[in-house]
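This report refers to the structure that appears directly beneath it.
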Amino acid sequence: MISPPQKYRHTQGIILLVATTLIWGTTFPVIKDVVSSLSPASLIAIRFAVAALVFVPFAGRPNARLVRDGVLLGFVFFTSLTSQTIGMETISANRAGFIIGLNVILVPLFGPLLGQRVPVRAFFSAGLALIGIGVMSWEGGALGIGDLWMFVCALSYAIYILLLDAVTSRHPPMPLTAIQLITVALLGGCWAAPEVREQFEAISGNFNALLYLGLIGTAATTWTQAVAQRWVTAHETAVLYALEPVFAAIFSFLLLGETLGVRGWFGGGLVLTGMIMSQIRT
């Protein structure tokens, strides 16, 4: 039986994770708007420079193992973010949210890599989600390069989740997060260096959005995840992450006026159903 203090912390954790997915949902239309005038390289470099500055004081004096794990996580995270940002130059924000949400299904499918058994339900859920993506694509035309970039994002983020699960027990969360963010900021800075001077005007014009993405969309959500997942199981967390594409669709409508037709909503519903089914325990 769960004691009242544990139940209270569990409820707090769920609230924090719902708030995290809600914030993630807002970042899709913001990124979509920013990449219309700012290059993906500059966006990532500045977004993570802001977030890294917040966490630098928590880095302390990292040992070699912490640096190794943090840099590896940062590299995979950078791959996921880069593919997301590039893809959103050519795909709607609401559609991007549903495709990226496939990482919820990919994580259990990759279970055998960690010696875990994959239930038949996971394959059925993945098939259902892929059918949903196909229905959504039918509404907007054939699969394009933007959709493929989003698949790369979902794939790399699923790998990131698995790596994070494997190394978190070895290190304190704050220094590990700091090394990750610093790594992404440095990689983004190297990528953006040749064009930053030319992008100065666009950076100034998107300053508020970049500040929001750095402080709220990255630094704050990294903290809420670290706190919440001490009290909420990985299974419950994965189910809650399925809310991200729903929030992305809502905020894409409110901020950008993007809409999904009947096929789009039906396909999105199949994707969301597949996500939730993949996490149901029998």
Side-chain angles (χ1 to χ4, degrees), residues 21 24-25 27-32 35 39-41 43-44 73-114 118 121-165 184 187-188 191 217 238-239 241-249 252 258 260-261 263-279:
T21 57
W24 283 345
T27 64
F28 284 88
V30 174
I31 292 172
K32 177 66 178 177
V35 294
S39 73
L43 190 159
I44 289 176
L73 285 167
F75 180 79
V76 178
F77 195 20
F78 174 76
T79 302
S80 178
L81 291 162
T82 299
S83 53
Q84 177 195 14
T85 309
I86 294 174
M88 290 189 67
E89 291 183 297
T90 56
I91 188 176
S92 65
N94 51 29
R95 184 157 153 175
F98 281 102
I99 296 176
I100 292 176
L102 288 175
N103 70 75
V104 175
I105 297 172
L106 292 172
V107 169
L109 286 179
F110 289 161
L113 297 176
L114 300 177
V118 180
R121 179 184 66 256
F123 292 101
F124 180 78
S125 301
L128 189 63
L130 289 174
I131 291 172
I133 296 297
V135 172
M136 294 179 74
S137 298
W138 184 22
E139 177 180 79
L143 287 173
I145 188 66
D147 298 282
L148 297 177
W149 277 114
M150 290 303 154
F151 278 119
V152 173
C153 176
L155 176 65
S156 53
Y157 197 71
I159 295 172
Y160 172 80
I161 291 172
L162 290 170
L163 286 173
L164 187 62
D165 184 64
V184 177
L187 289 171
W191 184 25
V239 174
Y241 281 177
L243 291 171
E244 181 183 3
V246 177
F247 287 133
S252 296
E258 290 184 355
L260 290 171
R263 291 186 186 126
W265 279 113
F266 180 67
L270 290 177
V271 174
L272 193 59
T273 301
M275 291 179 195
I276 295 174
M277 284 184 61
S278 71
Q279 301 301 321

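Everything numeric here is computed off the predicted structure, so don't read it as measured data.
Within the 4.5 Å cutoff, the side chain of Trp149 has no heavy atoms near those of the Met88 side chain.
Note that OG1 of Thr90 and NZ of Lys32 are 6.5 Å apart. Values are rounded to the nearest 0.5 Å. Atom CD1 in Ile86 sits 11.0 Å away from atom CG in Leu43 (nearest 0.5 Å).
In this structure, Trp191 has no ring pair (Phe, Tyr, Trp, His ring centres under 6.0 Å) partners at least two apart in sequence or on a different chain. With sequence neighbours excluded, the residues satisfying side-chain hydrogen bond (donor to acceptor under 3.5 Å, both in side chains) with Ser39 are Ser42, Glu195, Gln199. Contacts of Thr27 classified as side chain to side chain contact (heavy atoms under 4.5 Å, CB included), with partners at least two apart in sequence or in another chain: Ile31, Leu213. Every residue meeting the ring pair (Phe, Tyr, Trp, His ring centres under 6.0 Å) condition with Tyr160, not counting sequence neighbours, appears here in chain and number order: Phe77, Tyr157. Residues that satisfy the side chain to side chain contact (heavy atoms under 4.5 Å, CB included) test with Thr79, not counting sequence neighbours, are Phe75, Ser156.
Scanning both residues, Thr82 and Ile44, for their nearest heavy atoms gives CA-CD1, 3.5 Å. When all heavy atoms of Ser80 and Ser83 are compared, the closest pair comes out as O-OG, 2.9 Å. Contact between Ala248 and Phe28 at its shortest, heavy atoms only, is CB-CD1, 3.7 Å.
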